[in-house]
Amino acid sequence: MPADAADIIIPAELLPADGRFGCGPSKVRPEQVEALVAAGTELLGTSHRKPPVKRLVGAVRAGLTALFDLPDDWEIVLGNGGSTVFWDVATFGLVRDRSQHLVFGEFSSKFAAACAAAPHLGAPSTITADPGGHPDPVAEDGIDAYALTHNETSTGVAMHLRRPAGTTAADGLVVVDATSAAGGLHWDHTEVDVYYFAPQKCFASDGGLWLAACSPAAVERIEEIGASDRWRPASLDLKIALDNSRLDQTYNTPAVATLVMLAEQLDWMNSNGGLDFAAGRSATSASTLYGWAASRSWATPFVADPQQRSNVVGTIDIDDAIDANEVCAALRANGILDTDAYRKLGRNQLRVGMFPAIDPADIDALTRCIDHVVDQLA
Ligand SMILES: *Cc1c(COP(=O)(O)O)cnc(C)c1O
């Protein structure tokens with residue numbers, strides 16, 4: 001028996017073709033890197049105020065509208081800073097006074113904290129569930145924004161997006177953190193007003209950008225707050241971002257390479273059948289991973305309710321007799337990367353990215369590699 005987990009050698013025939021299983025940044029497909037090389041001297045290193053880069057931003061906006069099958073009156077808004085910055089953007093430009101937050105993990109708790117800290121907003125209402133499940137939104141007087149999380153990346157819980165019973169957008173906007181879900185899970189635009197994300201998860205690009213699909217009611221809210229005298233830092237001003245997005249620009253300089261890789265991923269998804277294709281790949285991977293875990297005595301899907309198990313982020317508890325950190329170390333030594341649990345969750349767990357870019361066959365290979373490692377550790 002090897003003395004050290006990192007000395008375990010996984011037979012080459014068991015290894016996945018690509019060893020990247022992280023939950024963000026996540027696997028970038030080789031074709032996206034080729035697109036970067038092809039963008040070479042015509043796009044990279046050129047002005048974001050000139051037609052070639054503006055066309056690229058336009059292609060991203062059109063690609064997302066097509067992927068999500070959005071009506072013509074929806075708008076794609078974008079800016080710099082990633083989803084974390086969008087939380088601050090939302091406190092300044094989307095929440096009128098009070099928001100309600102479903103808190104069921106690290107990411108969903110952070111937007112609630114941002115709203116609680118904003119001096120110009122009323123105290124948010126929070127509905128909390130223990131990690132491993134999710135609460136449901138409840139219609140509440142005085143709430144003008146309901147903050148949902150499509151996929152809680154820290155726990156592997158996905159939720160079906162629905163407006164609180166009996167409400168419409170006029171009662172409160174439904175504002176969804178879809179950072180790890182967008183492009184890998186289905187959703188119904190009639191149940192949502194703002195669907196925001198960053199491109200380093202299902203879109204397999206780099207971080208640092210936020211994108212938000214906005215309903216007409218959301219655009220109206222942005223205009224309303226934009227016309228008010230609330231102080232808003234310009235770089236976090238959603239009205240400025242909206243005005244720039246309509247011109248296929250960002251307020252300040254974006255990472256052009258991030259946009260190139262995002263556009264390539266959107267092309268790949270849309271030309272292969274759109275969200276049915278992309279979400280279908282994640283669904284296949286998820287059924288492989290959870291099915292495998294259910295068939296091993298030492299592995300259990302962390303999310304008890306199969307309806308709430310995520311197709312894009314799989315969390316698998318490991319029996320205490322086996323140290324999941326050692327399993328991860330052995331996998332890493334063999335080129336299989338980033339299968340660690342979310343650190344603050346503090347569980348003996350593996351967490352596996354199953355974004356559309358990840359080949360379902362590689363998820364199958366990963367399960368065989370874990371079997372091999374556990375067998376060697378025993
Ligand atoms: C990754 C993630 C974030 C943070 O995204 P950044 O772009 O790093 O700010 C927020 N919410 C969820 C659900 C995420 O998965």
Side-chain angles (χ1 to χ4, degrees), residues 20-28 60 64 77-91 94 99 101-115 126 128-129 131-135 146-161 174-185 187 192 194-213 235-236 238 241 250 254-255 257-259 261-262 265 282 302-303 308-315 338 340-345 351-358:
R20 291 172 290 176
F21 295 99
C23 291
S26 63
K27 178 187 169 187
V28 177
V60 164
L64 288 167
V77 184
L78 70 165
N80 286 312
S83 293
T84 302
V85 166
F86 188 80
W87 291 325
D88 296 327
V89 168
T91 65
L94 210 47
S99 46
H101 299 259
L102 303 188
V103 174
F104 53 107
E106 180 68 12
F107 292 105
S108 44
S109 75
K110 284 189 169 163
F111 185 25
C115 289
T126 55
T128 304
H134 72 73
Y146 292 91
L148 278 52
T149 302
H150 201 179
N151 187 75
E152 187 31 276
T153 316
S154 65
T155 64
V157 169
M159 69 179 292
H160 198 70
L161 300 177
V174 171
V175 178
V176 179
D177 179 353
T179 308
S180 55
L185 299 181
W187 59 290
V192 172
V194 180
Y195 192 76
Y196 65 88
F197 49 92
Q200 73 274 24
K201 310 219 172 159
C202 291
F203 294 112
S205 184
D206 259 329
L209 192 70
W210 59 258
L211 301 112
S235 65
L236 301 177
L238 199 43
T250 47
T258 302
L259 290 163
M261 291 193 290
L262 168 56
Q265 184 73 345
S282 292
F302 169 51
V303 179
Q308 297 187 359
R309 278 177 203 158
S310 169
N311 283 350
V312 286
V313 171
T315 45
D338 302 337
D340 320 68
Y342 190 77
R343 70 207 129 75
K344 284 195 200 158
L345 194 59
R351 185 177 64 145
V352 178
M354 303 183 288
F355 301 124
I358 293 163

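Read the numbers this way: they start at 1 and go in the same order the structure lists the ligands and their atoms. In this chain, numbering begins with 1 at the start of the sequence shown.
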Is it the case that the side chain of [X] and the backbone of [Y] share a donor-acceptor pair, with hydrogens and angles ignored and the cut-off at 3.5 Å?
| X | Y | answer |
| --- | --- | --- |
| Q265 | C202 | yes |
| T153 | S180 | no |
| S205 | T258 | yes |
| S26 | K201 | yes |

Checklist entry - Rounded to the nearest 0.5 Å, how far apart are CG of L262 and CG of L78? => result 9.0 Å

Checklist outcome for this item: Interatomic distance, CG@L185 vs CG@L161, rounded to 0.5 Å, equals 8.5 Å

Distance filter under 4.0 Å to [X] heavy atoms, resulting ligand 1 atoms:
| X | answer |
| --- | --- |
| S83 | 5 (O), 6 (P), 7 (O), 9 (O), 10 (C) |
| W87 | 10 (C), 11 (N) |
| A198 | 7 (O) |
| T84 | 4 (C), 6 (P), 9 (O) |
| N151 | 13 (C) |
| T153 | 12 (C), 13 (C), 14 (C), 15 (O) |

In terms of residue, atom name and distance, what is the protein heavy atom nearest to [atom]?
| atom | value |
| --- | --- |
| atom 10 (C) of ligand 1 | F107 CD2, 3.4 Å |
| atom 8 (O) of ligand 1 | Q200 NE2, 3.5 Å |
| atom 11 (N) of ligand 1 | D177 OD2, 2.7 Å |

Any [X] heavy atom less than 4.0 Å to ligand 1:
| X | result |
| --- | --- |
| K201 | yes |
| F111 | no |
| V313 | no |

Next on the checklist: Parallel, tilted or perpendicular: which one describes the rings of H101 and F111, with boundaries at 30° and 60°?
Outcome noted: perpendicular

Checklist entry - Ring centres of F302 and Y342 under 6.0 Å apart? => result no

